[in-house]
**Q** 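Structure provided below as C-alpha cells; questions to follow.
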2 protein chains.
Amino acid sequence: MSTSEPSDRYHHGDLRRALVEAALELLLEGGTEALGMRELARRVGVSSAAPYRHFRDKQALIQAVAAAGFALFLEAVEAAKAGVAVDEQFGAMAEAYVQFALRYPRLYKLMFSSELGKFEDKDLRRAADAAYASLAVAAAKQDPEAPGEAAISAWAFVHGLSMLLLDEQLLGVSAANAEPLVRKLTRRHAQRFGKPHPG
Amino acid sequence: MSTSEPSDRYHHGDLRRALVEAALELLLEGGTEALGMRELARRVGVSSAAPYRHFRDKQALIQAVAAAGFALFLEAVEAAKAGVAVDEQFGAMAEAYVQFALRYPRLYKLMFSSELGKFEDKDLRRAADAAYASLAVAAAKQDPEAPGEAAISAWAFVHGLSMLLLDEQLLGVSAANAEPLVRKLTRRHAQRFGKPHPG
DNA sequence: GTTCAGATGTTGACATTGCTCACATTGAAG
DNA sequence: CTTCAATGTGAGCAATGTCAACATCTGAAC
C-alpha cells in the first residue's frame, strides 16, 4: 500500500517519507496512543534511533503527520467545490469538511489537538492556514458585508459540528447515519448566515 | 489550596478525592503530558501503586478528571444565565462557555479529547450530557420551530469558536483580547439563528 | 475488647517508551 | 581513490504504566 520496500540495504533511501507514511497508517489504525517512535521504527524496518536523524522529537514527527493531514484535508475540501455553482460552494465545502472528519476521526483529532504546537512549526502552520483560508473565502462570499465574521462563524460551525459527531455527543447520530443531518444543517447555516437581504 | 494534608499516617483517608484534585492542578499547570500516575502519587505523598486502588487505569483517572471538569463547566454556564432576561440567556451562556474554554484551555481540551472514551464511563457521560443539555435548552428556545437543529448549531458554534481561539487560528486574536470578538459573534449568532420572524 | 476480613497502602519488579551517545556504513564531491 | 557529511546501528539511561506479593489499618461481629 506504500512505496516503502524494506530492502535490506543499510541506507533506506527515503526514510523521512516512509516514516510519515507509516505514522499516518499507525495513527489511522490505532490512534495517538499507538503512535510511538519505536513502534514506528519497527514498522519501517529500521533501528529505534534512526527516526531521530529526521525528526528532532516525537512532537516534530507528529507535526509532520498533521501537516500531511492538512494537505489531504485541503485537497478534499477543494475537490468538493470544483464544478459547483458559486453560491452553493460553501455548502458543498462544509459538507466535505465534516465528511473528512468522519472518515478520518483520529487524524482529524490529531490535526486540532494542539498540544501539537501549531505556532512553532512553519510547515504545519502554513498547511493549517491554507485549509482555513479555503473555506473562509467561500464563507466570506456568503456575506460580503461582514466577511470576517462570516468566515469565523462558518469555520466554527463546521469544526464544532465535526467534533460533536466524533464524540457521539448527538444522541442517536453516529458517523454512519450522519449524512442527512449534516446536509440539512449546513444548508440551514448557509441560509441563515448567507446574504442577509436576499430580496 | 486543597483539603488534602499529607499527614503521615498509613491510610490517607480520602485518597480518591485528593487524587482527582491533584490531577486537576497538574493538568492545569502542565497539560496532558504532565499528568502521570507516578507524578500524581508523588504529589499526593503516596506510593506509585496506591492510585490503582481507586482507578483501574490511567484512563479511568483521566475520565474522573474530565467529569470534574464538566461539573465546573456546567456550574459556570448555569451561573451566567442566572438573573438574565430569557431572550438574552443564550448569548450570556455562550459567552460564558467560550470564556471557560479560554480560562482553562488544557482542561477544556481534555474534556473533548475523546481518546477519552466518553461512552464507556457512565459518570463522565452523565456529566457531559448535563452540560450539553444546559446550553441546548437555551438555544432551543431561540428557535421553537426547529429546536433540535438550533441546539446543535449553537453547540457546534460555541465549541468550534472555542477551539479556534485556543489554537490561535484566528490571526491577531488570542485569549487576552478575545472578549469583544466573542461578544460580537455570539450576538450575531443569536440574531441570525434566533426567532426567524421577530416582527 | 478481641478478632478477623476487607479495604487501602507499600515495595519491588517487568516491559516499554523517548531519547542520547559512540560507533558503523554509505554515497557523492573533490 | 580519498574523504566527509549524511544516515543508520546498538547499547544504555531515566521515566513511565502496571502488576503481584506483602503490610497495615478500620470497622463490624462476636
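Below, chain A is the first sequence line, B the second, and so on; all start at residue 1. Note that these values count all heavy atoms, side chains included, but never hydrogens, waters or copies made by symmetry.
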**Q** Which of the following nucleotides, C:dG9, D:dT16, D:dG8, is nearest to the side chain of A:A50?
**A** D:dG8
**Q** If you write DNA chain C from 5' to 3' in dot-bracket form, with Watson-Crick or G-U pairs under 3.5 Å, [ ] for crossing pairs and | for pairs with another strand, what do you get?
**A** ||||||||||||||||||||||||||||||
**Q** If I take atom CZ in residue A:R43 and atom P in nucleotide C:dT17, what distance separates them, rounded to the nearest angstrom?
**A** 13 Å
**Q** Would you kindly give the CG-to-P distance between A:L15 and D:dA6, to the nearest whole Å?
**A** 16 Å
**Q** Below 4.0 angstrom, N of the basic side chain to O of the carboxylate: do A:D129 and A:R126 qualify?
**A** no
**Q** Counting heavy atoms from C-beta on, name the nucleotide in D:dG8, D:dC19, D:dG17 closest to the side chain of B:A49.
**A** D:dC19
**Q** Taking B:E21 first and then B:R17, would you say they form a salt bridge - that is, a charged N and a carboxylate O separated by under 4.0 Å?
**A** no
**Q** Specify the separation, in whole Å, of atom CD of A:E33 and atom P of C:dG18.
**A** 11 Å
**Q** Give the rounded distance in Å between these two atoms: CZ of A:R38 and P of D:dA15.
**A** 16 Å
**Q** In whole Å, what is the span from the OH atom of A:Y52 to the C1' atom of D:dA11?
**A** 15 Å
**Q** If you only use heavy atoms from C-beta on, which nucleotide in C:dG18, C:dT10, D:dT18 is closest to the side chain of B:D57?
**A** D:dT18
**Q** Taking NZ, NE, NH1 and NH2 as the nitrogens, is one of them in B:D167 or B:K109 under 4.0 Å from a carboxylate oxygen of the other?
**A** yes
**Q** Tell me the interatomic distance from B:R16, atom CZ, to C:dA7, atom P, rounded to whole angstroms.
**A** 15 Å
**Q** Can you measure from CG (A:L161) to CH2 (B:W155) and round to the nearest 0.5 angstrom?
**A** 13.0 Å
**Q** Please confirm whether the shortest side-chain N or O distance from A:H54 to OP1 or OP2 of D:dA6 is below 4.0 Å.
**A** no
**Q** Which comes earlier along DNA chain D counting from the 5' end, the contact point of B:R53 or that of A:R53, where each point is its nearest nucleotide?
**A** A:R53
**Q** Would you kindly give the NZ-to-P distance between B:K58 and D:dA15, to the nearest whole Å?
**A** 16 Å
**Q** Let me spell it out: for each of A:Q59 and B:S47, pick the nucleotide of DNA chain C with the closest heavy atom. Which residue's pick is nearer the 5' end?
**A** B:S47
**Q** What is the separation between atom CG on A:D14 and atom P on D:dG8, rounded to the nearest whole Å?
**A** 10 Å
**Q** With A:L107 as reference, evaluate A:F70, A:F73, A:F100 under the side chain to side chain contact (heavy atoms under 4.5 Å, CB included) test and give the passing residue.
**A** A:F100
**Q** Are the charged groups of B:R192 and A:D143 less than 4.0 angstrom apart, N to O?
**A** yes
**Q** Looking for any heavy atom pair under 4.0 Å, which part of the strands does A:R42 touch: base, sugar-phosphate only, or nothing?
**A** sugar-phosphate
**Q** Salt-bridge test for B:R43 and B:E29: reply yes if a basic N is under 4.0 Å from a carboxylate O, no otherwise.
**A** yes
